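Take a look at the structure set out below.
What you see is a predicted model, and the numbers here were worked out from it, not measured in a lab.
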Amino acid sequence: MDSLNSLIDGFGTALTPMNLLWAAIGVLLGTAIGVLPGIGPAMAVALLLPVTYGLDPTGAFIMFAGIYYGAMFGGSTTSILLNTPGESAAVVAAIEGNPMAKAGRGAQALAAAAIGHFAGGMIGTILLVVLAPTVASLAIGIGAPDYFAIMVLAFIAVTSVLGASRIRGIASLLIGLTIGMVGLDQMTGQQRLTFGSLHLADGVDVVIVAVGLFAIGEALWVAAHLRRSTGKPIPVGRPWLGRADLKRTWKPWLRGPVIGFPFGAIPAGGAEIPTFLSYVTEKRLSKHRDQFGKGAIEGVAGPEAAASASAAGTLVSMLTLGLPTTAVAAVMLAAFQQYGIQPGPLLFEREPELVWGLIASLFVGMVLLLALNLPLAPVWAKLLRIPRPYLYAGILFFAAVGAYAVGGESLDLVILLVIGLIGFGMRRYGLPVLPAVIGVILGPAAEQQLRRALQISDGSVTGLVNTPFSVTVYAVVVLIVAWPLIGRLIARLRGGRKTAEESRTVSGG
């Protein structure tokens, strides 16, 4: 009941004319950004961070949440019409959505995606309302060893799931941890990696790191692989679903959130894994398996619902534990720090108006997105015709202005360019960007919690594993690290059994 009363108060905050305006701006911007290939929600939020310095924190976060959900809506449009995912969570939508569009069913594919996002977002946000206060109340009893264990889990999980290999994930994390070390030591006051520059004594601003790695790195990467010819989107009418389509999609819309929400709440790389799991699940449960790969509507509905629910799941761990599980959550955590607000167990007590206003705005944003996306799908398709040179030149310009606005120092532009080049190099060699961003944000906090835990235990390493919670978390870490080896061992054992059975069959014959 307390959560319900708080949510009603939150609606009072979210439904004020100004906050409604920020929600509408957020969902419109997010959808437009999601439609454009290569510009994900993380880049959008990173670019807008400096612009929102003068805004009220509640209005800013309502707009950021609208961008987050809107970009996931928009990403499916370009996946379906152009076979080019606007952001990573929409990759699976292209598998079935694009064949549907080519077969003249683009309108139905877009409708299945839009309603799937609406259903997934609504169910995910209801779960957020129910679970977040409980998680926050449990998290109050967590000590320094437990927090350090959670952060180690975040580091290991993110580096294990993302990228072509674990080594590249760890390399990306080390880059982020190194950038996070720049500045004064929080406990001793000694300078680290400042190269004698007083400007670097306060460290590298997280906003500059996020904008550099996402916006500058992506823009340079696209410029290096620029193609003069752009793909032609398939024309589409107003999205709609017939009775037969609704019969095939309502169950995937309900199953998707069950898969997506838990994966969003744990450090497992965001919506990519649950969308693939949802796709595999729908393929196994469908009565129309022969249509998969040729344009099965279930393969659009389920994964899109899972993607939207996972976005709600990421907010649980970010708001209650201060733990970002996706790139967008990492950038939003940087935004909280920008306003001097620390997400964590006490956030619901200290900033109830902000938190519940933000959660209520998610419901409002979902309704706005459904109302906007169903009739405006043909308009979003036209955005795909913007020439990429103009698009990315604009991104570079706004990124530079935003970085300069952070501190008004020309050195910030140099740092931005250097970090942008690092982001370009990471893309060139297949290093995922998310571990680096999480390393920058969580690295200093992890170091602080490690030192506190060791101080409490008089320098004994056993102080890191002296609680049941930390032992459980480290057991999960060991399982994640050892899982590939266990998988190989099981495969070898199965292979050995098959060989033995075959030899018996041959000898028996």
Give the minimum heavy-atom separation between [X] and [Y], together with the two atoms involved.
{"X": "Ala335", "Y": "Phe64", "answer": "CB-CE1, 3.8 Å"}
{"X": "Arg168", "Y": "Gly430", "answer": "CD-O, 3.6 Å"}
{"X": "Ala119", "Y": "Pro257", "answer": "O-CG, 4.5 Å"}
{"X": "Gln342", "Y": "Leu347", "answer": "O-CD1, 4.2 Å"}
{"X": "Pro252", "Y": "Glu282", "answer": "CG-OE1, 3.3 Å"}
{"X": "Leu464", "Y": "Ala453", "answer": "CD2-CB, 3.7 Å"}

Which residues share a salt bridge (Lys or Arg N to Asp or Glu O under 4.0 Å) with Arg452, sequence neighbours left out: none
What residues form a salt bridge (Lys or Arg N to Asp or Glu O under 4.0 Å) with Arg192, not counting sequence neighbours?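 By the salt bridge (Lys or Arg N to Asp or Glu O under 4.0 Å) rule, Arg192 matches Asp185, Glu447.
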Short side-chain to backbone donor-acceptor contact, [X] and [Y], under 3.5 Å:
{"X": "Trp253", "Y": "Ala112", "answer": "yes"}
{"X": "Ser172", "Y": "Leu431", "answer": "no"}
{"X": "Ser310", "Y": "Ala307", "answer": "yes"}
{"X": "Glu96", "Y": "Val300", "answer": "no"}

With side-chain contact (heavy atoms from CB on, under 4.5 Å) as the test, would you mind laying out the steps for Val440 and Leu213 before giving the verdict? CA-CA 11 Å; Val440 172; Leu213 287 177; 5.5 Å; no
Is the shortest heavy-atom distance from the side chain of Thr125 to the side chain of Ile359 under 4.5 Å? yes
So how far is it from [X] [atom1] to [Y] [atom2], rounded to the nearest 0.5 Å?
{"X": "Phe261", "Y": "Leu127", "atom1": "CZ", "atom2": "CG", "answer": "5.0 Å"}
{"X": "Ile297", "Y": "Leu246", "atom1": "CD1", "atom2": "CG", "answer": "8.0 Å"}
{"X": "Ile422", "Y": "Ile419", "atom1": "CD1", "atom2": "CD1", "answer": "6.0 Å"}

Run Thr249 and Ile115 through side-chain contact (heavy atoms from CB on, under 4.5 Å) and show every step you take. CA-CA 10 Å; Thr249 50; Ile115 299 170; over 6 Å; no
Could you walk me through whether Val477 and Phe155 pass the side-chain contact (heavy atoms from CB on, under 4.5 Å) check? CA-CA 10 Å; Val477 169; Phe155 293 151; over 6 Å; no
Within a 6.0 Å radius of atom CG on Leu421, are there more than 12 heavy atoms belonging to other residues, nucleotides or ligands?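 Buried by this count: over 12 neighbours within 6.0 Å.
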Among all residues two or more places apart in sequence or in another chain, which pass the side chain to side chain donor-acceptor pair (under 3.5 Å) test with Ser470?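 Side chain to side chain donor-acceptor pair (under 3.5 Å) list for Ser470, sorted by chain: Thr467.
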